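The analysis underlying the following values was restricted to heavy atoms, covering all of them including side chains, and did not include hydrogens, waters or symmetry mates. For ligands, and for the atoms within them, numbers begin at 1 and follow the listed sequence. Keep in mind that this is a model prediction, so the values were computed, not measured.
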Amino acid sequence: MPDFLDQDIKFLAGVGPKRAELLKKELSISSFRDLLYYFPYKYIDRTKFYKIRELDASQAYIQVKGTLGNFELIGEGRKQRLTASFHDETGSMDLIWFAGIKYIRENLKPRQNYIVFGKPSVFNGRMNIIHPEIESQSSQQVSTGVLQAFYNTTETLKKRFLNTRAINKIQHNLAESITGKIYETLPATVREPLKLMQLAKALRQIHFPENTQDLQKATFRLKFEELFYIQLKILSLKHKRQEVFKGFVFEQVGYNFNTFFQNNLPFELTGAQKKVTKEIRRDLGSGKQMNRLVQGDVGSGKTLVALMVALIAFDNGYQASLMAPTEILAIQHFNTISRMLQGIGLNVALLTGSTRKKERERIYSGIENGDIQFLIGTHALIEDTVNFQKLGLVIIDEQHRFGVAQRAKLWKKNAGIPPHVLVMTATPIPRTLAMTLYGDLDVSVIDELPPGRKPIETRHYLENRRNQVYDFIRNQVNKGRQAYIVFPLISESEKLDLKSLEDGYELLKKVFPRFKLSMVHGKLKPAEKDFEMQQFKDGKTQIMVATTVIEVGVDVPNASIMIIESAERFGLSQLHQLRGRVGRGAEQSYCLLMSSYKISNESRKRLETMVRTNDGFEIAEVDLQLRGPGDLEGTQQSGIGFNLNIANLGKDGEILRIARDAAIDILDNDPHLQSRDNQLLSYHLQRMKTTEFDWSIIS
Ligand code: ADP
Ligand code: MG
């Protein structure tokens with residue numbers, strides 16, 4: 001059925017081929033539908049006018065009524081600008097244009113009355129508005145109520161007069177032409193219990209709100225719909241997967257597990273470790289393939305949980321593999337786990353990119369004939385040359401570093417029944433996000449740290465107290481502690497970053513002539529990196545100067561001081577990860593955040609949050625709120641891979657919960673969406689392109 005909304009935007013009144021080209025290039029708007037779903041980013045109360053005397057440069061968008069003065073052309077060539085004074089009964093200001101000068105002069109008339117919109121600023125002590133939007137006081141307003149919608153545009157568009165006002169006008173033309181042609185996308189069974197506004201009305205109100213209440217209802221309806229369909233999609237995929245994939249049943253706990261538990265376990269399990277292990281055991285006995293995410297703050301003891309689950313796999317005659325994101329981590333896991341399994345008689349092997357050919361071949365055949373039960377390694381594990389005899393369990397550590405595609409590749413290592421999958425992450429994910437990103441996984445949370453840990457003390461220092469910080473380090477190291485000093489990646493250029501690290505290293509050698517220093521960064525060969533790490537681990541060096549390569553998982557209990565240089569440059573979750581490197585031993589640990597004086601408000605909030613709390617979930621919530629969903633760079637870091645159009649995962653947690661509950665309700669009663677009521681849902685679910693969420697980023 002060719003949909004009215006699929007028409008090319010160039011056919012819309014007021015657009016035409018030239019503007020269509022621009023809209024497509026600048027805003028990816030190519031159809032009627034794209035424009036309709038191009039929502040305003042804010043609304044301004046059109047009844048409010050400011051007086052020129054009331055203006056100050058801290059104000060956001062404002063509107064002023066007044067009279068235009070004479071034009072004046074200043075400067076030459078590319079620096080040329082057009083100015084005109086603009087006055088009301090309280091004072092005057094300047095209007096300034098750098099582009100579109102000809103058009104402005106032809107279309108605006110001095111001594112006429114206009115309404116001017118824009119952001120006030122100050123130049124040479126005089127108030128001005130640069131590139132104001134301007135309309136004559138008599139011209140008809142497109143807004144139907146008191147609220148005027150504002151749309152994001154680009155510099156290019158503004159230069160070609162496709163500013164927010166222009167978009168507003170073409171939205172109006174669109175709204176006129178689609179009356180009666182918008183079909184409802186949510187069945188009454190979903191809409192009515194929640195009193196959701198009809199789609200057609202919501203789409204009109206979102207662009208042309210008549211009042212605040214209707215705007216609110218429209219926003220709710222559209223956010224709900226967006227989140228609802230994502231949940232419906234994720235949850236129905238999960239249903240399908242559980243129907244299609246059977247899972248190995250790990251029935252018994254036997255020799256391996258029991259011997260470990262009785263002889264090798266060095267400490268009592270925490271309550272949270274017990275709880276999560278139980279949840280996992282339930283999955284393993286269910287006959288369905290397990291896909292579980294274990295979230296646990298840094299240091300909460302995830303490795304141990306993973307190891308116990310692996311032991312159950314061995315007891316049932318299966319192999320297990322553990323994949324880590326870096327070589328350092330893989331080696332560390334291999335060492336810890338080999339040590340913990342001493343005397344039990346299991347074969348554990350380590351496979352990474354730098355495993356020698358001979359060893360590699362030994363491992364390949366050991367895996368294939370079942371001699372090796374436990375394979376630990378990096379990405380090297382998922383290469384096609386690795387064939388397991390009977391892989392029953394795949395553990396992925398620090399999940400955020402892996403793509404879903406890689407995860408899927410591991411599943412496929414068994415023909416027929418896929419192995420159980422356990423994903424572990426120390427990046428606490430706020431509940432709202434977990435529901436969206438990992439909606440297809442079951443989630444367990446290790447929400448308790450092993451006993452005896454003292455909370456890390458975090459402080460923020462400015463440059464002028466650097467010497468105090470050095471004294472502090474000196475004191476602590478003299479008491480036998482070790483310290484990390486971490487430098488950020490400052491520039492895009494690896495060379496420059498390395499230089500700033502190396503300069504720091506040279507300086508620190510002079511500051512601490514009596515201590516031994518190690519240095520680790522991403523450009524070192526794995527063997528060199530390993531050597532340096534080992535030196536530090538063994539206490540042969542006291543200070544580790546590093547980039548964020550030590551961010552993930554590295555465990556040196558005697559290191560109790562973390563200094564983060566230029567801390568304002570790090571994201572919150574990264575700061576938290578780094579801090580997690582200390583606080584692993586019995587000693588009081590410290591995290592000192594160094595920053596310059598001039599930092600943005602957002603950076604300040606991040607540092608304040610770090611000083612205030614050690615709770616990873618609280619930090620994750622703040623992080624999400626600070627960054628919001630629009631920040632692409634940030635989203636890639638944390639793995640938020642959704643192109644949400646209107647909902648905001650940081651702010652709309654409650655709507656998400658309602659949407660998820662509604663989706664669960666429907667699938668519980670009708671998992672295949674076969675009932676008449678659910679035909680509409682089924683239709684839209686199929687129409688949802690999988691590209692609407694970018695699975696590759698969920699990692
Ligand atoms: P993470 O969850 O960050 O991966 P690890 O598994 O590396 O944490 O554990 C951190 C440290 O805590 C390790 O040194 C580990 O031996 C120790 N640990 C784990 N569980 C317990 C426990 N129940 N009691 C005491 N120490 C524990
Ligand atoms: Mg770990």
Side-chain angles (χ1 to χ4, degrees), residues 260-262 264-280 292-311 321-342 374 376-378 395-402 422-429 443-456 482 484 533 536-539 548-560 562 573-587 589 591 614-617 619-620:
F260 173 77
F261 207 80
Q262 278 151 26
N264 294 32
L265 187 60
F267 29 61
E268 278 270 315
L269 295 180
T270 63
Q273 283 171 322
K274 283 185 198 156
K275 177 193 75 184
V276 170
T277 311
K278 222 181 250 164
E279 283 166 0
I280 295 170
R292 189 170 281 277
L293 174 74
V294 173
Q295 283 192 49
D297 216 335
V298 276
S300 61
K302 293 183 291 293
T303 317
L304 188 58
V305 170
L307 177 60
M308 290 191 300
V309 178
L311 287 165
S321 73
L322 166 60
M323 183 157 76
T326 65
E327 180 143 20
I328 293 185
L329 255 194
I331 294 168
Q332 182 180 293
H333 278 317
F334 175 74
N335 291 337
T336 327
I337 286 172
S338 303
R339 200 172 346 108
M340 293 235 252
L341 292 181
Q342 241 162 43
F374 202 176
I376 296 173
T378 53
I395 302 158
I396 303 174
D397 196 19
E398 309 298 351
Q399 143 83 0
H400 59 292
R401 300 280 175 108
F402 282 107
L422 189 65
V423 171
M424 304 195 293
T425 177
T427 310
I429 301 157
V443 179
S444 292
V445 183
I446 306 188
D447 49 6
E448 183 186 357
L449 293 179
R453 298 259 173 87
K454 299 195 182 85
I456 302 164
Q482 288 167 284
Y484 295 101
M533 275 314 300
F536 186 64
K537 260 188 157 173
D538 295 343
T548 50
V549 292
I550 57 148
E551 177 189 342
V552 178
V554 174
D555 193 22
V556 182
N558 190 50
S560 60
M562 168 64 64
S573 74
Q574 211 175 16
L575 289 172
H576 182 63
Q577 286 285 320
L578 285 168
R579 178 168 61 182
R581 298 308 104 217
V582 298
R584 307 186 144 236
E587 299 304 327
S589 290
C591 174
N614 275 304
D615 180 340
F617 283 92
I619 288 171

Distance-only N or O hit between ligand 1 and Phe267, under 3.5 Å: no
Taking atom 12 (O) of ligand 1 as the point of reference, which of Arg584, Arg453, Gln273 owns the nearest heavy atom? Arg453
Please list, in number order, the atoms of ligand 1 under 4.0 Å from a heavy atom of Ser300. 2 (O), 8 (O)
Counting each atom of ligand 1 from 1 as listed, which ones have a heavy atom of Thr303 under 4.0 Å away? 4 (O), 5 (P), 6 (O), 7 (O)
With no hydrogens and no angle check, just 3.5 Å: does a side-chain donor-acceptor pair link His576 and Asn614? no
Is there a polar contact between ligand 1 and Gly301, counting only N or O atoms under 3.5 Å apart? yes
Is there a side-chain contact between Ile331 and Ile376 (heavy atoms, below 4.5 Å)? no
Side-chain donor-acceptor pair under 3.5 Å between Glu327 and Thr378, yes or no? no
I need the contact type for Leu269 against ligand 1. Using non-hydrogen atoms and a strict under-4.0 Å cut-off, is it side chain, backbone, both or neither? backbone
Give the atom numbers and elements of ligand 1 that come within less than 4.0 Å of a heavy atom of Glu268. 22 (C), 23 (N), 24 (N)
Closest to atom 3 (O) of ligand 1 (heavy atoms only, candidates Gly580, Gly585, Gly299) is Gly299
Within a distance under 4.0 Å of any heavy atom of Thr270, pick out the atoms of ligand 1 and give their elements. 23 (N)
Roughly how far, to the nearest 0.5 Å, is CD1 of Ile395 from CE of Met424? 6.0 Å
